[in-house]
Amino acid sequence: MLEIDDLQVELDAEAGLVKAIAGMKLALSRGETFALVGESGCGKSMTALALMRLLPDNGRVAGGAVRLDGQDLLALPEGRMRGVRGGRISMIFQEPSTSLNPVMRVGDQIVEAIEAHTPLRGAAARAKAIDWLARVGIPEPQRRIADYPFRLSGGQKQRVMIAIALAAEPDYLIADEPTTALDVTIQAQILDLIRDLQRERQLGVLLITHDLAVVSGMAHRVALMYAGQIIEVAPAAEFFAQPKHPYARLLLQALPDAARRQQPLAAIAGTVPPLWQAFAGCRFAPRCDRAMQHCAGTPPALTDEGPQHQVRCLLYSQPGDALPRAPAVARELPTAPPIQGEPLLDVRELRVRFMLKTPLLQRGPRHFDAVDGIGFQLQAGRTLALVGESGCGKTTSGKAIAQLLRRQARISGQALFEGRDLFKLDGQALLQARRHIQIIFQDPFASLNPRMRVADVLEEGLIALRPELDAGQRLARLQALVDQVGLRRDALQRWPHEFSGGQRQRIAIARALAVEPRLIVCDEPTSALDVSVQAQILNLLRELQREQGLAYLFITHNIGVVEYIADDIAVMQAGRIVERGPCNEVLGQPREGFTQALLAAVPRLHVTTP
Ligand code: SF4
């Protein structure tokens with residue numbers, strides 16, 4: 001058994017001493033999958049690093065114990081710990097591009113793990129490495145074993161990482177967001193592989209993820225973390241059917257799906273508190289919808305609420321008077337306007353061709369069609385979701401329509417926006433079209449210039465595309481924009497790094513709205529965000545659509561998000577649209593084999609109780 005007992009982890013940071021983990025307790029048995037879930041910064045990954053003794057230089061274990069079959073790992077000499085790390089406990093890290101050695105062939109990296117931790121040597125170890133590559137779904141493993149990491153895609157690198165972790169044949173596997181970077185079909189394959197190995201070898205799995213659907217399909221038990229503490233532990237089925245902690249209930253209500261389409265999602269107000277601050281009472285109190293008078297001053301302990309169910313909440317151990325709250329306002333979101341009249345955007349035979357740098361005398365293709373003759377229509381006030389695996393051409397299509405690929409690619413076909421072909425416009429007409437079509441990118445951290453204050457970020461587009469406005473009018477517009485996206489006005493004078501991921505995505509939305517667009521290309525706008533922040537952003541996008549009749553071209557791989565926000569859907573495969581139609585029809589009765597396979601691979605979580 002792998003046990004964590006009252007673990008305390010501290011980090012030295014600029015802001016002061018960060019108590020990253022405050023008294024963590026859990027036990028993982030062989031053959032069991034235990035999921036650690038929670039929002040970013042709650043201490044999930046730090047727990048994994050602490051138990052592997054891989055904390056960063058500014059971190060240390062300040063108390064508690066980690067025991068493997070009774071032996072305290074924190075007291076083990078480093079030489080013996082090296083045998084445990086990789087041999088008895090393996091870890092799959094979140095970021096494959098930084099976890100592989102860039103100057104070593106991937107095969108050698110797997111062979112190294114096999115030779116270090118199993119009796120196989122030389123040719124036998126190499127054959128085993130090829131076998132592992134095949135098992136994690138790398139095509140042509142005989143050939144790819146000689147590749148360096150830079151020749152592999154992100155998903156393939158992650159699969160190599162998984163092969164290295166499993167090749168050592170460990171007893172326990174710590175999987176830190178193991179499939180976050182993968183397509184749903186590869187994700188399903190990797191999760192099946194982990195399940196198979198678990199059965200074969202009685203592998204104990206500590207699964208760290210923010211994807212509750214993956215958890216519901218994989219885990220036997222679940223621990224929910226918040227601000228460095230476990231706040232609820234329960235068998236997975238019980239956790240999803242009857243969550244007890246107010247935060248767990250809100251998280252499950254914040255998940256988008258078809259059933260919640262008519263209402264705004266439950267958004268959890270505020271953000272996770274910084275862990276350098278001292279806590280006098282419940283750490284969730286400022287965000288809790290059931291907070292009581294004494295919650296702010298009394299720290300709750302983890303108490304038993306069932307045979308294997310524990311909760312850290314005073315509602316169960318010390319009930320009292322609820323704080324007065326504003327009554328909830330029931331709001332219904334209107335259904336999308338019907339398809340009638342001319343479409344706002346009519347895409348016909350769109351082809352985006354990238355030229356390849358193939359040497360003149362070498363054979364082989366000289367170009368690559370990332371988008372290969374697609375067509376669709378989008379009406380004002382409606383949302384069309386473009387879905388498909390990574391590399392299928394979704395983002396390229398969105399960027400081509402947003403006029404961002406004019407220099408990099410050869411674009412043919414038509415994109416009629418209010419009847420005028422975008423690809424034939426130039427000069428003033430192109431500038432006007434740019435104003436009406438904006439884009440929101442996936443990564444709110446990379447998409448804002450860190451050297452520009454928020455006011456400058458928002459004003460840049462206004463100066464370029466609304467030159468008729470004077471300074472006073474621009475300031476009024478900026479203030480209206482931050483109000484609209486739910487930020488405080490003082491945000492205008494602050495820098496991007498001062499904001500959380502969700503707040504930055506609001507700034508990115510404000511930047512897109514600044515020039516009063518008619519169409520917004522939303523390229524995975526919530527995939528980098530936690531569930532509760534995703535709910536805030538989806539609510540905001542739907543509200544703006546209702547108020548302003550915006551059309552969204554919504555690129556995503558999250559089917560729950562599609563069900564919640566999209567009216568129509570187009571499924572892409574290898575640059576082509578293989579199926580399109582109203583969302584409920586395509587998702588309810590997919591006709592194409594590819595759509596069926598894609599939907600079958602998506603892990604689903606059907607929550608019936610709040
Ligand atoms: Fe909410 Fe109070 Fe429970 Fe904390 S202790 S979760 S504030 S009810």
Side-chain angles (χ1 to χ4, degrees), residues 6-8 18-26 35-44 46-47 210 212 215 221-236 238-255 264-329 500 502 530-536 539 607 609-610:
D6 199 23
L7 184 70
Q8 322 262 347
V18 173
K19 298 200 168 172
I21 301 172
M24 147 85 75
K25 214 174 169 71
L26 64 85
L36 216 46
V37 299
E39 294 185 272
S40 358
C42 68
K44 308 184 297 286
M46 208 48 80
T47 305
H210 68 279
L212 294 171
V215 172
R221 284 189 300 146
V222 179
L224 175 65
M225 287 191 77
Y226 185 80
Q229 292 181 320
I230 288 183
I231 56 170
E232 183 160 359
V233 196
E238 206 171 308
F239 178 82
F240 288 112
Q242 289 175 321
K244 290 189 183 290
H245 197 281
Y247 176 59
R249 288 168 179 252
L250 288 171
L251 262 191
L252 294 179
Q253 284 172 4
L255 289 172
L265 295 168
I268 309 174
T271 50
V272 179
L275 294 179
W276 40 260
Q277 77 177 53
F279 295 98
C282 171
R283 296 177 179 208
F284 187 59
R287 305 175 74 190
C288 182
D289 62 343
R290 306 203 45 200
M292 300 171 290
Q293 308 281 2
H294 56 302
C295 291
T298 316
L302 213 50
T303 53
D304 289 335
E305 293 304 322
Q308 289 190 61
H309 202 145
Q310 293 181 306
V311 188
R312 190 186 294 277
C313 174
L314 299 171
L315 278 175
Y316 302 94
S317 51
Q318 271 177 262
D321 294 336
L323 282 177
R325 287 197 311 274
V329 187
S500 67
D530 285 317
V531 172
S532 67
V533 185
Q534 167 175 277
Q536 294 171 9
N539 285 345
V607 182
T609 45

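As the structure lists them, so they are numbered: ligands from 1, and atoms in each ligand from 1. FYI, side chains are in, hydrogens and waters are out, and symmetry mates aren't considered; it's all heavy atoms of this structure.
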Starting from atom 4 (Fe) of ligand 1, which protein heavy atom do you reach first, and at what distance in Å? C282 SG, 2.3 Å

What I'd like to find out is whether the side chain of L224 reaches to under 4.5 Å of the side chain of F239, using heavy atoms alone. yes

Flag C313 as yes if one of its N/O/S atoms falls below 2.8 Å of atom 2 (Fe) of ligand 1, otherwise no. no

Of all the heavy-atom pairs spanning E305 and Y316, show the shortest one and how long it is. OE2-CB, 3.3 Å

Give me the nearest non-hydrogen protein atom to atom 5 (S) of ligand 1 as residue plus atom name, then the distance to 0.1 Å. L314 N, 3.2 Å

Is any N, O or S atom of C288 under 2.8 Å away from atom 4 (Fe) of ligand 1? no

Consider only side-chain N and O atoms of S532 and E39, and report whether a donor and an acceptor are under 3.5 Å apart. yes

Looking just at side-chain N and O atoms, do Q318 and H294 make a donor-acceptor pair shorter than 3.5 Å? no

Identity and distance of the protein heavy atom lying nearest atom 2 (Fe) of ligand 1: C295 SG, 2.3 Å

Can you check whether I231 reaches C313 side chain to side chain, under 4.5 Å on heavy atoms? no

Just let me know how H245 lines up against ligand 1, side chain, backbone, both or neither, with a heavy-atom cut-off below 4.0 Å. side chain

